[in-house]
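Read the structure below first, then the notes.
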Amino acid sequence: MSSFIFNGVSSDELGLMITKPIVRPSWAAMYSELTTSGGIRKVMQRMSTFDNASFSIETYADDASADNIRKIFKALNGYGRLIISTAPDEYLNVILNPITPVPVALLAAEISISVTAWPFAYAIAPTEYNLTDAVNYMEVNNRGTIFSAPEIHLKGSGNVTINVNGAEFIVKIPADISSREIIVDCDSQVAYYMDGESRISITHRTYNNFPLLHEGANYIKHTGEVSEMKCNVRERWL
């Protein structure tokens, strides 16, 4: 029987029985039609964006009392991380729309949960590499089915160059934060360090495109004064 976990709360905890198997959505590249000047036919061009996916989770609640429905609504509402039992090693970033229980018996109800999932499915336990000694190229494997936007953590000073498959990304680290851990979030395209609970951006001290890792083997090295570096691959799947 299928089950799910949303923001750490499981369907079993909420007393929900899944009435139809949950199959996670998949994504495919979109294409647009273009007409070239002087051409006699349209050509198809692959787009760089992926659409959100929509699906529903069909459930049954034995306890449809007002208190329990309020508990379910509070737990299953808004933005969060969804893990489906049929794909336990992955999670989806989703939005759950407000539920509408349908009475089927005394104090029982069918509840359809409408889900909007952002691309893509992400690894719950992503691969991490220690790149401190990567003064020469080290191999970093992306086991996902689409390029990933890694998260790189480093400590250093001065001009640090991260070379990924021949493309250089530069971080200029001032001396006064050389002891801080710098986080390069290639998905959000920001670089920052933590000061207590606050994120202090140094994105303005970075140059060139944020690194991406294609499927399979990638090669990374660094130059400059680097005392620590690690890479979270952030694998993802279509």
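Position 1 is the first residue of the sequence, and the numbers go up from there. Worth knowing before you read on, the calculation uses all heavy atoms, side chains too, and leaves out hydrogens, waters and symmetry mates.
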d(T223 OG1, N136 CG) to nearest 0.5 Å is 11.5 Å

Answer yes or no: is there a side-chain heavy-atom contact under 4.5 Å between V9 and K71?
no

Using a 4.5 Å side-chain heavy-atom cut-off and chaining through intermediate ILVMFWY residues, the residues clustered with V140 come out as Y129, L131, M138, I152, L154, V160, I162, V164, F169, V171, I173, I177, I182, V184, Y193, I200, I202, F210, L213, I220, V226, M229, V233

For E110 and Y60 the tightest heavy-atom approach is CG-CD1, 4.1 Å

Item to complete: Decide whether I5 and I57 are clustered together by the hydrophobic rule: side chain heavy atoms of Ile, Leu, Val, Met, Phe, Trp, Tyr closer than 4.5 Å, transitively.
Response: yes

Contacts of S112 meeting side chain to side chain donor-acceptor pair (under 3.5 Å) (sequence neighbours excluded), chain-then-number -> E58

Correct closest heavy-atom pair for C231 and P150 would be SG-CB, 3.9 Å

Item to complete: Tell me whether Y137 is reachable from L212 by hopping between hydrophobic residues (I, L, V, M, F, W, Y) whose side-chain heavy atoms are closer than 4.5 Å.
Response: no

ask   = Is there a donor-acceptor pair closer than 3.5 Å between any side-chain N or O of T203 and the backbone N or O of A191?
value = yes

Between K155 and S179, the two heavy atoms sitting closest are CE-O, 3.7 Å

* Give the C-alpha distance, both sets of side-chain angles, the deciding distance and a yes or no for side-chain contact (heavy atoms from CB on, under 4.5 Å) between R81 and Y122. => CA-CA 10 Å; R81 178 179 291 194; Y122 287 82; over 6 Å; no

Item checked: Donor-acceptor contact present, side-chain S11 to main-chain F4, <3.5 Å -> yes

Distance col, row L238:CG vs I146:CD1, nearest 0.5 angstrom, shows 4.5 Å

inquiry  = Can you confirm whether D133 is buried at CG, in the sense that more than 12 heavy atoms of other residues, nucleotides or ligands lie under 6.0 Å from that atom?
reply    = no

Query - Close side-chain approach of P174 and R205, heavy atoms under 4.5 Å - result: yes

Heavy-atom side-chain proximity of L96 to N77 below 4.5 angstrom: no

Self-check item: Under 3.5 Å: donor-acceptor pair, side chain of S2, backbone of P21
Solution: no

Strictly by modelled atom types, are D63 and S65 linked by a side-chain donor-acceptor pair under 3.5 Å? yes

To the nearest 0.5 Å, atom CZ of R24 lies from atom CZ of F120 at 10.5 Å

Might you work through the side-chain contact (heavy atoms from CB on, under 4.5 Å) test for M194 and R199, ending with a clear yes or no?
CA-CA 5 Å; M194 298 300 298; R199 293 185 178 189; 3.4 Å; yes

One should read off an interatomic distance between D89 CG and I124 CD1, to the nearest 0.5 angstrom, of 6.5 Å

Determine, using the 4.5 Å side-chain heavy-atom cutoff (strictly less than), whether I99 and V94 are members of one ILVMFWY cluster.
yes

- prompt: Side-chain heavy atoms under 4.5 angstrom apart, residues restricted to Ile, Leu, Val, Met, Phe, Trp, Tyr: same cluster for Y207 and I183?
  reply: no

Test ring-ring contact (aromatic ring centres under 6.0 Å, His included), reference W118, set F50, Y79, W27, Y91, output is Y79

Report task. Using a cut-off of 6.0 Å, state whether more than 12 heavy atoms not belonging to N165 lie near its atom CG. Result -> yes

Subject >> Donor-acceptor contact present, side-chain T86 to main-chain I22, <3.5 Å >> reply: yes

The reported gap from OG in S148 to CZ in R234 (rounded to nearest 0.5 angstrom) is 9.0 Å

- Find out if a path of hydrophobic residues (ILVMFWY) with successive side-chain heavy-atom gaps under 4.5 Å connects I69 to L76. yes

| query | Between E128 and N232, does a side-chain contact (heavy atoms from CB on, under 4.5 Å) hold up when you go through it step by step? | reply | CA-CA 4 Å; E128 293 191 356; N232 179 338; 3.9 Å; yes

**OP:** Would you mind reporting whether N163 and E168 have side-chain heavy atoms less than 4.5 Å apart?
**Re:** yes

From the list K230, E228, E181, side-chain hydrogen bond (donor to acceptor under 3.5 Å, both in side chains) partner of H153 resolves to E181

The reported gap from OG in S178 to CG in D176 (rounded to nearest 0.5 angstrom) is 7.5 Å

Test side-chain contact (heavy atoms from CB on, under 4.5 Å), reference T59, set I113, T19, L14, output is I113

message: With a 6.0 Å cut-off (strictly less than), is the heavy-atom count around CD of E215, excluding the residue itself, greater than 12?
response: yes

Decide yes or no on side chain to side chain donor-acceptor pair (under 3.5 Å) for S10 and D12, but give the supporting numbers first.
CA-CA 5 Å; S10 73; D12 293 337; 4.9 Å; no

- [ ] Check whether any side-chain heavy atom of L92 sits under 4.5 Å from a side-chain heavy atom of F55, and report yes or no.
- [x] yes

The side-chain hydrogen bond (donor to acceptor under 3.5 Å, both in side chains) partner of E235 among T127, T145, N141, N142 is T127

